[in-house]
Amino acid sequence: MKSYDPKKIEKKWQSVWQKSGIYTAADKSRKPKFYGLIEFPYPSGDGLHVGHVRSNTAMDIICRKRRMEGYNVLYPIGWDAFGLPTENYALKTGTPPKVVTKRNTATFRRQLQALGFSFDWSREINTTDPAYYKWTQWIFLQLWKHNLAYKKKTLINWCPKDKIGLANEEVIDGCCERCGTPVEKRQKEQWMLAITQYADRLDADLDTVDYLPEIKAQQRNWIGRSEGAEIAFSVEHADSKINVFTTRADTLFGVTYIVLAPEHDLIKILKPKILNASDVEAYISTTTKKSEIERTDIKKEKTGIELKGIKAINPATGEKIPVWIADYVLADYGTGAVMAVPAHDERDWEFAQKYALPIKEVVLPTVIDKRNPPMPGKKSVERKNVHALVRDPATGKYLGLKWKKFNWLTFPMGGIEDGENAITAAKREVEEETGFKNLKLIKVITGQARAEYFAAHKDQNRISYTTAVLLELLDHTQAPVSVEENEKYDIVWLDESKLNYEHMTHAEIGIWMHKLAVKNPAYTDEGILVNSDSFTNQTSKEARGAIARKFGKIVTTYKLRDWVFSRQRYWGEPIPLVHCKQCGWQAVPEKDLPVTLPPVKNYQPTDTGESPLAADTPAMKKWRTVQCPTCGAPATRETDTMPNWAGSSWYFLRYCDPKNKTSLANQLKLKTWQPVDWYNGGMEHVTLHLLYSRFWNKFLFDIGIAPTSEPYVKRTAHGLILASDGEKMSKSRGNVINPDHIVAQFGADTVRLYEMFMGPFNQAVSWSTEGIIGPRRFLEKVWRLQKKVRAKKVHTGKDGVFENVLQKTIKKVSDDIEAMQFNTAISSLMILTNDMEKKSEISLRAYEILLRLMAPFAPHSTEEIWHILGHKKSIHLEAWPSVDTTKIQREVVTIIVQVNGKVRGSFQTSAHSSETEATTQAQSVPSVKKWLMDKTIARVIYIPDRLINIVIT
RNA sequence: GCCCGGAUGGCGGAAUUGGUAUACGCGCACGACUUAAAAUCGUGUUCCGAAAGGAAUGUGGGUUCGACCCCCACUCCGGGCACCA
């Protein structure tokens with residue numbers, strides 16, 4: 001037997017597979033189809049990353065298993081090759097992006113092939129190939145024809161370093177996603193795609209797909225669906241109305257002012273009436289000059305300015321309220337105007353506090369005393385109460401009353417009488433009940449709380465509206481306390497840890513403690529309405545709908561914005577439109593597609609931010625000048641290009657028919673392969689790319705091209721591979737692992753196994769240079785098992801006691817691959833291998849089952865052994881082993897014996913023993929006996945075939 | 001601040017979802033083979049303890065015959081969103 005030498009066998013099999021085309025997907029087949037997809041790589045100059053290897057191997061294992069299970073599998077590969085790094089490289093070196101791309105894809109192709117992925121290379125695509133981007137342009141034209149693409153002068157995010165407009169999605173913490181430079185705002189005409197028109201479906205249809213829950217959550221979060229109400233506030237002495245969007249219509253009676261975004265249109269209309277117009281203008285100009293980071297910095301203090309002379313009218317109360325502008329209100333969310341309810345919104349509270357605006361409470365926190373709930377049928381009495389929280393600064397303890405007649409522990413408390421406020425009432429109660437009279441007010445714990453309970457001593461239900469006041473003891477001087485009061489309770493001092501509903505009688509205490517703990521006292525939760533006219537005493541939920549319907553209308557808004565689709569760059573798909581002075585924007589006729597990128601000398605965007613295609617050179621002028629397709633007059637091409645999200649928004653469709661010259665893909669072929677059954681990729685793409693491609697697919701579905709409304713049935717995500725220092729791999733840190741090197745050192749099969757074994761697939765893991773030897777040793781062990789195979793070519797039906805282990809492994813590996821638990825699948829293969837190694841000989845049948853189970857993980861070495869065993873056909877065309885579940889059950893089982901929950905021994909017995917049998921046997925186990933001596937058995941818990949727990953007293 | 005994850009030996013990580021915690025791999029120690037080394041194989045490897053036994057899954061409580069797993073409170077780490085009204 002030769003020794004295992006991956007260098008000799010891997011190249012050989014790769015070229016055999018390539019020549020025989022065993023991974024080529026058949027457009028026509030009687031087998032069921034399976035479409036497995038990975039995110040096609042961006043062929044960067046750095047070459048393949050070990051992270052690519054991880055995700056590609058995972059889907060490769062799944063696809064290989066599907067083939068063995070009898071599926072017609074499509075596992076395609078291509079290049080998402082438009083984009084900035086290539087263009088920047090071209091800029092630096094003068095090498096045309098086309099050339100760079102060709103070189104990089106060649107490297108990637110070689111690297112991917114060296115890892116033995118079962119891609120159907122005959123379907124390779126490249127987004128920068130004019131034959132491909134012809135259809136990207138075609139799709140754009142369909143969007144344009146359906147009014148989903150429009151040009152709009154808009155404030156865009158501008159990166160001064162890259163000189164490029166960025167989509168909101170490409171701005172991270174106010175900085176450019178690529179280079180980290182703070183982003184500026186610039187006015188620019190941009191092509192936009194109206195993705196917001198699909199917002200509702202993009203959200204709702206998530207219910208129909210099988211994505212990991214966290215992926216759905218992130219998509220929903222990004223779409224930001226929010227149901228609320230739009231309410232119009234009329235402006236005094238003006239025709240204009242201010243529309244606000246709110247999710248809390250129940251707080252309408254608490255609105256004390258209105259705030260407009262500085263960009264709000266109404267400001268210009270109202271300008272003649274604004275008394276302080278010049279100050280207002282000054283404020284607006286300072287805010288628009290602020291950078292995105294400054295403006296959205298949540299920690300900064302809010303600023304604003306009142307529109308003097310303007311009053312809005314609260315439609316619910318008829319009150320005249322001031323109108324402000326402030327940059328904490330976003331122009332492009334909702335209506336760009338908010339109704340401010342400082343009592344119930346933290347931002348409004350902060351603003352009101354700063355500018356001394358009134359605060360009106362309309363929602364009270366409500367508790368029902370669980371220990372003492374209102375009794376149905378008893379009459380209800382309302383009371384206004386005060387609770388006095390008195391702290392002794394010397395000890396930090398709080399004054400409490402331990403009642404003698406009832407099992408109560410309370411604060412000093414009582415009703416607020418006529419002529420009193422909460423503070424005077426609190427001080428009076430403290431003195432009456434405890435005698436302490438020298439008290440300092442710390443604060444009124446803002447607002448009332450509403451509590452419902454049954455007052456047994458009065459046989460009535462109480463609804464109390466209680467204010468809590470925090471006081472501090474100045475000294476221990478005590479006035480005499482009446483005999484009557486003294487008989488009621490003892491004074492106790494309570495530690496802060498006792499201030500909760502478990503120890504104390506007050507149901508409201510949780511509210512007090514919460515309010516004491518937070519800085520911002522606005523009550524933003526739901527409750528019961530007060531001061532709200534006919535809505536008073538309704539719950540927030542009831543009132544929200546009712547008020548919205550009475551004073552406005554119910555609407556849904558989204559955080560999602562339209563997609564900025566223009567880039568002022570060279571290395572992207574030219575937007576296929578021309579502009580004619582007479583006819584306006586015109587589509588390039590379909591027969592003239594693709595609009596190809598002309599060669600240019602200089603890839604540098606102009607300082608005004610125009611694409612190199614707009615450069616003032618004769619060659620570019622010549623490229624730009626065309627005839628208007630409608631009137632024939634001279635017209636000009638659009639010089640903006642598409643973002644690199646464009647090509648990846650529909651590539652999964654092109655794979656179905658990659659060479660089609662007359663349509664983006666043949667309808668029959670699309671129907672054969674769509675939708676993608678399983679799409680795996682990085683978490684970093686689950687918001688943007690996933691959303692954009694779902695949008696394009698939905699649009700293509702609507703116009704009858706894509707066969708399904710959702711492109712992906714199932715979406716999973718892999719974790720990152722970090723360097724051994726736990727940091728991200730990067731050239732600058734010098735901690736990058738090059739797949740070429742490790743393939744050369746250990747072989748592709750070892751690399752594949754290691755990357756699948758190193759940790760849970762969905763979690764980030766650090767690369768370990770030491771750990772990779774484990775999988776290599778494992779492969780060598782499997783290799784050496786060859787010599788233990790008894791009687792080659794003779795199969796027997798079963799393998800005795802060993803059969804059980806074998807069947808369990810088949811089940812475990814099969815299940816684990818489906819759940820992407822590759823690490824435990826490999827672990828169970830190792831266990832089986834270790835078992836086999838301990839035997840003096842193994843059956844050919846058992847060995848071949850092991851090889852077939854391993855084939856998706858280690859395709860080269862298993863193929864080689866398969867042929868050494870005498871097979872002529874590829875192992876990858878063999879059937880996946882099936883489980884015989886009857887053989888998983890064992891006849892003899894080990895039962896664990898516990899005494900009082902602690903393991904004291906175990907015994908072997910036949911399966912399915914009765915409880916009585918098991919109990920008798922358990923009691924006779926020597927190591928158990930001594931624990932049972934002189935003890936009475938109180939109870940026995942028996943889990944059949946597993947465990948018995950004897951409870952003694 | 002909000003929403004998702006996560007915390008288990010020296011290290012990466014298992015645990016049938018409430019039933020023997022630490023599978024599998026790395027590392028380490030000792031042994032075999034060898035002139036020697038590498039490779040390979042064998043044995044051991046959570047902690048305390050000579051042993052009997054005890055303790056232990058981030059911390060503190062709870063439910064249970066029994067908790068890594070469920071509940072409550074908290075600490076730390078990672079990811080996403082972030083003035084979204």
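From a predicted model like this one, the values you see are computed outputs, not experimental measurements. Below, chain A is the first sequence line, B the second, and so on; all start at residue 1.
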If you check every side-chain atom of S827(A), which of rG42(B), rG53(B), rA23(B) has the closest atom?
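So the side chain of S827(A) is nearest to rA23(B).
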Between rC81(B), rC24(B), rC83(B), which nucleotide has the shortest distance from any of its atoms to the side chain of W222(A)?
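Closest nucleotide to the W222(A) side chain: rC81(B).
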Would you mind checking if [Y] and [X] are paired as a salt bridge, meaning a charged N to carboxylate O distance below 4.0 Å?
{"X": "K354(A)", "Y": "E350(A)", "answer": "no"}
{"X": "R220(A)", "Y": "D207(A)", "answer": "yes"}
{"X": "E39(A)", "Y": "R715(A)", "answer": "yes"}

Closest-nucleotide ordering on RNA chain B, the 5'-leading residue of E346(A) and A764(A)
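Nearest-nucleotide comparison on RNA chain B picks E346(A).
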If each of S768(A) and R248(A) is mapped to the nucleotide of RNA chain B with the nearest heavy atom, which maps nearer the 5' terminus, i.e. the 5' end?
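Closest to the 5' end, via its nearest nucleotide, is S768(A).
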If you go through the side-chain atoms of K559(A), does one of them form a donor-acceptor pair with the base of rC81(B) closer than 3.5 Å?
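Per atom types, no contact qualifies.
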May I ask you to say what [X] touches in the nucleic acid, namely base, sugar-phosphate or nothing, with a heavy-atom cut-off under 4.0 Å?
{"X": "R220(A)", "value": "nothing"}
{"X": "I943(A)", "value": "base"}
{"X": "K781(A)", "value": "sugar-phosphate"}
{"X": "N762(A)", "value": "nothing"}
{"X": "Q821(A)", "value": "nothing"}
{"X": "D348(A)", "value": "nothing"}
{"X": "K808(A)", "value": "nothing"}
{"X": "Q898(A)", "value": "base"}
{"X": "T824(A)", "value": "sugar-phosphate"}
{"X": "I773(A)", "value": "sugar-phosphate"}
{"X": "P213(A)", "value": "nothing"}

Do any side-chain nitrogens or oxygens of [X] fall under 4.0 Å of OP1 or OP2 in [N]?
{"X": "R939(A)", "N": "rC65(B)", "value": "yes"}
{"X": "R777(A)", "N": "rU40(B)", "value": "yes"}
{"X": "N823(A)", "N": "rA14(B)", "value": "yes"}
{"X": "N221(A)", "N": "rC2(B)", "value": "no"}
{"X": "R904(A)", "N": "rG54(B)", "value": "yes"}

Anti or syn, where syn is a glycosidic angle within 90° of 0; which label fits rU17(B)?
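In terms of base orientation relative to the sugar, rU17(B) is syn.
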Euclidean distance for P, rU59(B) against rA67(B) (whole angstrom):
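My reading of the P atoms in rU59(B) and rA67(B) gives 15 Å.
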Roughly how many Å apart are rC68(B) and rG9(B), using the P atom of each and rounding to a whole number?
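After rounding to an integer number of Å, I get 14 Å for this pair.
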Should the ring pair F351(A) and Y355(A) be called parallel, tilted or perpendicular, given that the plane angle runs from 0 to 90° and is split at 30 and 60?
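Plane angle between 30° and 60°, so tilted.
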Indicate the ring-plane relationship of F857(A) and F822(A), choosing parallel, tilted or perpendicular according to the 30° and 60° boundaries.
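F857(A) vs F822(A) ring planes: perpendicular.
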With both distances under 3.5 Å as the test, what is the Watson-Crick or G-U wobble partner of rA7(B)?
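Partner of rA7(B): rU75(B).
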Reference residue W222(A); test side-chain contact (heavy atoms from CB on, under 4.5 Å); the match among L560(A), L690(A), D203(A)
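Going through L560(A), L690(A), D203(A) one by one, the side-chain contact (heavy atoms from CB on, under 4.5 Å) with W222(A) is satisfied by L560(A) alone.
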